[in-house]
2 protein chains.
Amino acid sequence: MAIKSEASDEPEILNLENFLPYRLYRLADAVSREFSRIYKDSHGLTRPEWRTLSGLGQHGTMTASAIGEQSAMHKTKVSRAVAELERRRWLTRTPDENDRRVEHLALTKAGLAAYREMVPLAKAFERELLAKLSVSEREAIANGLAALQAALGKG
Amino acid sequence: MAIKSEASDEPEILNLENFLPYRLYRLADAVSREFSRIYKDSHGLTRPEWRTLSGLGQHGTMTASAIGEQSAMHKTKVSRAVAELERRRWLTRTPDENDRRVEHLALTKAGLAAYREMVPLAKAFERELLAKLSVSEREAIANGLAALQAALGKG
DNA sequence: TTTCGATGGTTACAAATGAAACCAGTTTGG
DNA sequence: CCAAACTGGTTTCATTTGTAACCATCGAAA
């Protein structure tokens with residue numbers, strides 16, 4: 001089934017429900033809202049904080065800009081998330097030897113513990129969501145998202 | 001062995017880039033941000049305002065709650081969007097005969113004109129985005145999104 | 001009727017966000 | 001060298017958002 005939204009009869013009407021940007025956003029919003037319970041309800045984290053934690057848990061040590069690139073967040077979001085995680089003593093900053101503008105961020109024991117606690121929940125969430133789809137549907141969403149991602153990347 | 005590679009097999013590490021909620025959100029965000037230029041740059045509309053306009057343009061007359069349902073927005077967002085569109089004189093409210101809590105909303109000439117001006121741009125945006133995909137990729141994204149939507153709907 | 005719970009919609013307030021200005025340190029080109 | 005441009009990161013301010021409380025009206029039930 002192709003996306004035929006706009007091929008509809010009335011040329012000057014936009015069918016919002018079938019409009020790709022809207023569908024995508026609505027879906028992402030719903031999924032994200034559901035998922036946020038894992039980090040919000042249990043630890044009161046915001047999404048930027050969760051992503052920062054997740055980036056550091058995954059990579060060990062990163063600079064703020066690296067976190068921004070990996071998780072597609074503006075540097076102000078990263079800055080605020082890092083500040084909050086530091087306040088919780090979930091991460092520490094280490095100044096760079098050569099470039100004094102740069103700080104290397106890493107999780108503390110407590111931060112790592114929280115990360116390790118949430119990872120299985122996150123994986124379970126994704127697994128359960130995907131379990132509602134058939135094999136071919138899972139393939140479809142994976143391929144579709146990858147293709148769109150690639151299309152956007154190329155401008 | 002590489003230090004921290006594609007370790008999606010490592011059970012206690014979450015690979016953010018491949019995590020469905022994140023991929024979905026990032027994609028939706030990018031697409032939505034691009035698309036927002038059509039209503040933001042030209043008329044200074046917010047997303048809720050655009051959606052409200054779009055709903056009314058599509059359906060002619062709606063109540064605020066109907067708009068909320070159709071476009072998946074909380075009633076406060078709808079309320080504020082409606083207030084702003086009214087301030088611009090892009091829509092008018094008509095009290096319901098039988099239920100004095102309800103107002104029927106409809107676009108004015110000016111509102112309709114703005115809507116009609118933006119619809120072709122929106123359609124072009126979607127068309128150009130989809131044009132970057134192959135036929136099978138378009139099918140994949142359509143099927144994948146529909147499947148996910150259905151899966152969420154069923155709880 | 002009177003009362004109580006739902007419903008349509010608005011408002012108040014706190015928190016999250018985005019844009020731009022900003023600070024410090026670093027690189028580059030003349 | 002040194003000014004200008006750039007980069008990593010923070011802060012400020014206005015706008016947007018989410019939550020909850022709220023107001024008015026309606027419907028049902030006692």
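For clarity, every value in this text was computed on a predicted model and none was experimentally measured. In what follows, chains are A, B, ... by sequence order, proteins preceding strands, each numbered from 1.
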Do B:Asn143 and A:Glu137 touch side chain to side chain, with heavy atoms closer than 4.5 Å?
no

Is it the case that the side chain of A:Ser36 and the backbone of A:Arg33 share a donor-acceptor pair, with hydrogens and angles ignored and the cut-off at 3.5 Å?
yes

Atom NZ of B:Lys75 and atom C1' of D:dA21 are separated, to the nearest Å, by 10 Å

Between A:Tyr115 and B:Leu14 (side chain of the first, backbone of the second, donor and acceptor by atom type, cut-off under 3.5 Å), is there such a pair?
yes

Donor-acceptor under 3.5 Å (B:Lys123 side chain, A:Ile13 main chain):
yes

First-last contacting nucleotides on DNA chain C - partner chain A, under 4.0 angstrom, heavy atom
C:dA16 to C:dT26

The criterion is salt bridge (Lys or Arg N to Asp or Glu O under 4.0 Å); which residues satisfy it with A:Glu139, sequence neighbours excluded?
none

Give a yes or no on whether a salt bridge exists between B:Arg88 and B:Glu84, defined as a side-chain N under 4.0 angstrom from a carboxylate O.
yes

Does B:Tyr25 share a hydrophobic cluster with B:Leu27, counting links as ILVMFWY side-chain heavy atoms below 4.5 Å and allowing steps through other members?
no

Is any side-chain heavy atom of B:Lys77 less than 4.5 Å from a side-chain heavy atom of B:Arg51?
no

Would you check if the side chain of B:Arg138 reaches a backbone N or O of B:Leu130 as a donor-acceptor pair within less than 3.5 Å?
yes

B/S/- along nucleotides 12-18 of chain D (protein heavy atoms under 4.0 Å) is B---SBB

Is a donor on one side and an acceptor on the other found under 3.5 Å between the side chain of B:Gln58 and the backbone of A:Leu16?
yes

How is the base pairing of DNA chain D summarised as a dot-bracket string, given the Watson-Crick and G-U wobble criteria with both distances under 3.5 Å, [ ] for crossing and | for another strand?
||||||||||||||||||||||||||||||

Do B:Leu105 and B:Glu86 touch side chain to side chain, with heavy atoms closer than 4.5 Å?
no

Going by heavy atoms closer than 4.0 Å, what residues in residues 95-105 of chain A are next to DNA chain D?
A:Arg101, A:Val102, A:Glu103

Suppose we screen for ring-ring contact (aromatic ring centres under 6.0 Å, His included). Which residues come up paired with B:Trp50, at least two apart in sequence or across chains?
B:Phe35, B:Tyr39

